[in-house]
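The analysis underlying the following values was restricted to heavy atoms, covering all of them including side chains, and did not include hydrogens, waters or symmetry mates. When a ligand or atom number is given, it counts from 1 through the structure's own listing order.
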Amino acid sequence: MGAFWATHRYSLEVEEKNMSTQQIKIKYFDENLVKIDKIVQGDWLDLRAAKTIELKKDEFKLIPLGVAMELPEGYEAHVVPRSSTFKNFGIIQTNSMGVIDESYKGDQDQWFFPAYALRDTVIEMNDRICQFRIMKKMPTVELVEVESLGNENRGGHGSTGTK
Ligand SMILES: O=c1ccn([C@H]2C[C@H](O)[C@@H](COP(=O)(O)OP(=O)(O)OP(=O)(O)O)O2)c(=O)[nH]1
């Protein structure tokens, strides 16, 4: 028992030491845009609409998020709606998840939220509509073509049942 806890505590300490703070250069496009908050809860950062946008039911618009960033080397960012976004504004994100490439870092590379409205709606400037986090990019991969993968089939959608 004692040995287990000693090992466990050691691995937690190592993890904590390796979690260094990463800096992200950020440019705001409008001085009236509320700056991104330090993380209060959780580890995603909320983003705000950079202008007031009106959408009619079934309309699509790109909502500017008012920021451009230079991500740390080897990282990309993922942007998803907040859980409450559909309830509050009746919009969904058309690409389900936005991927911000590491190379998207020019002065005019403003982040945007592609929105589809399921009802008439108004999103006010500075409303928090989505959230992002940075993720390590995947390693370089090579696709190797084969005739057979040599594995058993797992079975497709729903093959494990519902109970
Ligand atoms: O929700 C999103 C998705 C993308 N982008 C920006 C960042 C990204 O780096 C760039 C291009 O996105 P993506 O590669 O997904 O678009 P594409 O349709 O494949 O176009 P491209 O030919 O520019 O790659 O647009 C956003 O601001 N918000």
Notebook entry, point to check: Is Lys25 salt-bridged to Glu70, going by a charged N under 4.0 Å from an acidic O?
Noted result: yes
Margin query: Could you see if Trp111 belongs to whatever hydrophobic cluster contains Val34? Use Ile, Leu, Val, Met, Phe, Trp, Tyr and a side-chain cutoff under 4.5 Å.
Written below: no
Notebook entry, point to check: Among all residues two or more places apart in sequence or in another chain, which pass the side chain to side chain contact (heavy atoms under 4.5 Å, CB included) test with Lys57?
Noted result: Asp120
Notebook entry, point to check: Do Phe29 and Ile129 share a hydrophobic cluster (ILVMFWY, side-chain heavy atoms under 4.5 Å, transitive)?
Noted result: no
Checklist line | Residues Arg48, Asp127: salt bridge by 4.0 Å N-O rule | finding: no
Check: Closest approach of Tyr75 and Gln22, non-hydrogen atoms and distance?
Finding: OH-NE2, 3.3 Å
Return a table of N or O atom pairs, ligand 1 on one side and protein on the other, at distances under 3.5 Å, rounded to 0.1 Å.
from     : atom 1 : to     : atom 2 : distance (Å)
ligand 1 : 1 (O)  : Asn95  : ND2    : 2.9
ligand 1 : 9 (O)  : Asp101 : N      : 3.0
ligand 1 : 9 (O)  : Asp101 : OD2    : 2.6
ligand 1 : 27 (O) : Phe112 : N      : 3.0
ligand 1 : 28 (N) : Phe112 : O      : 2.9

